[in-house]
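Only one structure is covered here, and it is reproduced in the block below.
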Amino acid sequence: MQMLLHANSLLLAPTTSRLSASASPGRSGTAQPLPRPAHSARAAGLGTRRPPAVAAASPRTPMAVGEECDAAAVASQGFVSDARAYWVTRSLIAWNVNDQDTSLFLYASRDATMHVSDGAIHGYDSKIELEPEHASLPDNVAEKFPFIRSYRTFRVPSSVDVASLVKCQLAVASYDAHGRHQDVTGLQLPGVLDDMFAYTGPLGAVFSDKDVDLYLWAPTAQDVRVCFYDGPAGPLLQTVQLKELNGVWNVTVPRYRENQYYLYEVKVYHPSTSQVVKCLADDPYARGLSANGTRTWLVDINSETLKPASWDELSDEKPNLESFSDISIYELHIRDFSAHDSTVDCNSHGGFRAFTFQDSAGIRHLRKLSAAGLTHVHLLPSFHFASVDDNKSNWKFVDEAQLAKLPPGSDEQQAAIVSIQQEDPYNWGYDPVLWGVPKGSYASNPDGPSRIIEYRQMVQALNRIGLRVVMDVVYNHLDSSGPFGVSSVLDKIVPGYYLRRNVNGQIENSAAMNNTASEHFMVDRLIVDDLLNWAINYKVDGFRFDLMGHIMKNTMIRAKSAIQSLTRDVHGVDGSKIYLYGEGWDFGEVAQNKRGINASQINMSGTGIGSFNDRIRDSVNGGNPFGNPLQQGFSTGLFLEIGLAGNLKDYVLRTHTGEAKKGSDIYTFDGSPVGYTSSPVETINYVSAHDNETLFDIVSIKTPIGLSIDEKCRINHLASSMIALSQGIPFFHAGDEILRSKSLDRDSYNSGDWFNKIEPRLENPSFRPSKNHILSVFDNFVDILKIRYSSPLFRLSTASDIEQRVRFHNTGPSMVPGVIVMSIKDAQNEKCEMAQLDKNFSYVVTIFNVCPHEVTIEIHDLASLGLGLHPIQVVSSDALVRQSAYEASKGRFTVPRRTTAVFVQPRAYTV
């Protein structure tokens, strides 16, 4: 049912445009976007912040011992730079060799002295012949590593001490039937490490009355010591040896070590250098850090000194949440919230503590949204990330007063931001270093207890104004890898394990950089353990997973199960109220289940875990984030109707020809099914988020230049109302309700406070709304939230309820373009076949009129009802919506231009 673009477009096509479709609109008249990690796209071929940590793989040229070897396959350190063989279990090694007569030998050197000289391998401690297997990979191994399913397998002799060998520099070499050396490569070890050393015991610091036990999983380490320091920057106090048992290193130290700082010194072979190195690393299970994570703070997270007043009773104060279908989400960056708020103490600007100022402008705003029904605030990354210095004394700022004096078309604003952007306090934070500790730059003091206490105070303060807190978690990649640099942690401790590598051994970077591998047992475990840390220790109410599609489905299912098992009696939180959702984009090396069943949109159907619905986003906005920025929205009403119906795969709609089709039988431009959910709580409906332009910027780009600001405001609200009144979970970007603009910047992750202000600032004066415009849009947004929460019919919790109650009426060959008519029916009397959900209304009809003119439409199925305009819209400050009317005898609706009108039948009405 493709509607005519000119008649049924939410954002009507401009006749001319100030912006080139081929240029990325920049700030203040520029067209030079700032670089950033492309971490949030539904497409392959994304950029990266830095080059891969492993050198490019070389062609596979045969070589023979004593003959000339392939020089390109030899790293600068004198040995192989790739790792094309996989040690998949204790007893099996897999390699993509075709010759059935090929034999393999495994080479090992504990001191990493192997090298190639005169065409031969030298410097090894042991050389082990591997036995060829005639069977393919076992099913469990092929399921874990589906992309190497066709590889040949070779058996490691049972007499081999594998636990010792994995601590060595390793290589396998192939020989033909005549004993001539063909090829040599390194090995990827996650399979054998999972097979032999998967561990479910304690990790990190475990406190008892008199002692502290430290546990570190490091099966490839040759030696581990812990270095204790006097303070966050003080001298070394003592180095203590750890002992290993089955890959876990442990030491017990006296309790007086509490509140000291420490680092692990890990002696380990690192394939990126082909050397045995000593790495200084934070504890992967750190619960406290010094500034910038230079040291781990040995802290008992359960200490009473770290708890705000009444912290243990917060579970009793949590805002009520009957069902996940009642959720609505407001996405907010911590610094954006208060960086320019003069009603917040200047020492708390842009940090956790700003949320505790109960009479601040920001909190008053959130309180209004909460009173209207908003349930959750989604905070962009707040764990320890790399891109902002924790030490405030190092921050640099632009002179905003001077920038405000510059002409709107000047290049100087952007130049000023670019000159300090690596040293200012602003970044979205999608460059994780350690997942389990709050970010120090948001705390009053990055050393010691402040970041822990103030994060808890923030959660407590938001809960007390009726808002639950969602944490944005980034488990799909890490900021850094390799044995050097303070922001590399996991890859120092077990090199090559935590990161996903391609078939040549290079680190995958499709998620931006250093993709993690949740298909590996201990990565999966670390993710789940970290979620439990935030749920229990910080009482977080939900988690949004960045690039969830790069995480395995099993990890997400296990995470959900672990979280929902939490109870108030045992853990101090009710895990059944904690909601999970994320970006289910299916791209890169994980696409189409190439690395196992991943947590993509389609794969997550039936799990109860939400995924962002790009179908409804693109239907409303037009195009997609990677296409022509001028492409209009709402050109395919069918896509939008599916979105309004919870994006259910089995919901049946009627096409423009009158044909009935399920949501899963209607396809997007790339062949993906439009409908993919099994439950409305599995769809996150949105038109705007931190990625890409704000909603008002989208409206400004895609509407005719001559369109008045009044009409742009109507379109802004119309888009928000489609999200607010859809089945599923509505998601709003902070500031969209007050016409926020980022000067057309679609990628403001590192654009500083100036371009991320929650206020309008577009270069064309005719685009700039007045205070009255902003207040009007906000009032309408509050009204539409109130309407959503005025009836449970807008928040149906099951697919069967939607299929039974929700209908679209302006469909088929006789449809009126530009109008969507959606009805939701409740039980009309006690004999009705459906259960009564709403005590106030028995029928709700919502009409979206995107046309630039008033529309009158007759729906015979909706005649003779007791419908009237929703009481909230009857007294709306929007004079146009008050003109909406219903004539019962003919089922005739009149809806003004670019208006969402909601009609309700009171429960007391009788025919």
Side-chain angles (χ1 to χ4, degrees), residues 1-3 8 325 601-608 610-611 613-620 634-685 722-723 725-729 792-828 832-835 837 842-848 857-863 865 891:
M1 189 183 72
Q2 291 204 344
M3 296 184 179
N8 202 21
S325 62
Q601 288 171 321
I602 293 173
N603 287 340
M604 296 306 286
S605 175
T607 65
S611 64
N613 183 355
D614 53 336
R615 278 66 157 169
I616 195 170
R617 177 200 68 193
D618 294 346
S619 296
V620 174
F634 205 162
S635 61
T636 309
L638 203 59
F639 286 19
L640 182 53
E641 288 176 4
I642 295 174
L644 291 167
N647 229 62
L648 296 173
K649 61 183 180 181
D650 291 330
Y651 187 84
V652 177
L653 297 122
R654 194 163 300 280
T655 72
H656 68 289
T657 64
E659 180 185 5
K661 278 193 173 183
K662 289 183 178 180
S664 58
D665 294 330
I666 303 165
Y667 299 97
T668 66
F669 67 95
D670 63 358
S672 301
V674 174
Y676 59 82
T677 70
S678 297
S679 163
V681 302
E682 293 174 356
T683 178
I684 304 295
N685 297 322
M722 290 176 178
I723 299 304
L725 301 180
S726 61
Q727 300 294 333
I729 294 176
L793 298 177
F794 289 114
R795 311 186 310 277
L796 300 175
S797 60
T798 67
S800 60
D801 265 343
I802 293 174
E803 290 162 1
Q804 187 179 27
R805 299 167 187 267
V806 177
R807 292 290 179 270
F808 294 93
H809 299 275
N810 180 33
T811 62
S814 61
M815 71 179 188
V816 176
V819 181
I820 287 181
V821 181
M822 175 179 69
S823 69
I824 313 173
K825 186 177 182 180
D826 199 12
Q828 304 298 300
C832 188
E833 61 186 21
M834 63 180 69
L837 301 179
S842 59
Y843 227 117
V844 173
V845 176
T846 304
I847 300 182
F848 303 100
I857 185 170
E858 293 186 3
I859 307 294
H860 298 299
D861 289 346
L862 298 178
L865 296 176

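As the structure is a computational prediction, the values presented were derived from the model and not from experiment.
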Indicate whether the side chain of R615 and that of Q601 have a donor and an acceptor atom separated by less than 3.5 Å.
->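 Yes, a side-chain donor-acceptor pair sits under 3.5 Å.
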[X] side chain vs [Y] backbone, donor-acceptor pair below 3.5 Å:
{"X": "N810", "Y": "V819", "answer": "yes"}
{"X": "T677", "Y": "P680", "answer": "no"}
{"X": "S325", "Y": "R795", "answer": "yes"}

Could you tell me which non-hydrogen atom of [X] sits nearest to which non-hydrogen atom of [Y], and how far apart they are?
{"X": "S678", "Y": "A799", "result": "O-CB, 3.3 Å"}
{"X": "S679", "Y": "S797", "result": "OG-O, 4.0 Å"}
{"X": "S823", "Y": "H809", "result": "OG-NE2, 2.6 Å"}

For the atom pair [atom1] ([X]) and [atom2] ([Y]), what is the distance rounded to the nearest 0.5 Å?
{"X": "I684", "Y": "I616", "atom1": "CD1", "atom2": "CD1", "result": "11.5 Å"}
{"X": "R617", "Y": "L640", "atom1": "CZ", "atom2": "CG", "result": "14.0 Å"}
{"X": "S842", "Y": "L837", "atom1": "OG", "atom2": "CG", "result": "12.0 Å"}
{"X": "D801", "Y": "L793", "atom1": "CG", "atom2": "CG", "result": "9.0 Å"}
{"X": "F848", "Y": "E641", "atom1": "CZ", "atom2": "CD", "result": "10.5 Å"}
{"X": "I602", "Y": "Y676", "atom1": "CD1", "atom2": "OH", "result": "9.0 Å"}

Report yes if some heavy atom in the side chain of L862 is under 4.5 Å from a heavy atom in the side chain of V821; otherwise report no.
->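 Yes, close enough: below the 4.5 Å cut-off.
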Does some side-chain heavy atom of Y843 sit less than 4.5 Å from a side-chain heavy atom of Q828?
->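 Contact flag for Q828/Y843 side chains = yes.
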Test side chain to side chain contact (heavy atoms under 4.5 Å, CB included) on V845 and I859 and set out the steps.
-> CA-CA 11 Å; V845 176; I859 307 294; over 6 Å; no
Excluding sequence neighbours, so at least two apart, what forms side chain to side chain donor-acceptor pair (under 3.5 Å) with S726?
->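 S726: side chain to side chain donor-acceptor pair (under 3.5 Å) contacts with N685.
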What donor-acceptor contacts under 3.5 angstrom involve side-chain atoms of residues 644-651, with partners at least two apart or in another chain?
| from | atom 1 | to | atom 2 | distance (Å) |
| --- | --- | --- | --- | --- |
| N647 | OD1 | N613 | ND2 | 3.0 |
| N647 | ND2 | V674 | O | 2.7 |
| K649 | NZ | S605 | OG | 3.3 |
| Y651 | OH | V806 | O | 2.5 |

Hey, mind stepping through I820 and M722 against side chain to side chain contact (heavy atoms under 4.5 Å, CB included) and telling me if it holds?
-> CA-CA 10 Å; I820 287 181; M722 290 176 178; over 6 Å; no
Verdict with supporting geometry, I824 and Q727, side chain to side chain contact (heavy atoms under 4.5 Å, CB included) | CA-CA 10 Å; I824 313 173; Q727 300 294 333; 3.5 Å; yes
Assess whether side chain to side chain contact (heavy atoms under 4.5 Å, CB included) is satisfied between T811 and L653, documenting all intermediate values.
-> CA-CA 9 Å; T811 62; L653 297 122; over 6 Å; no
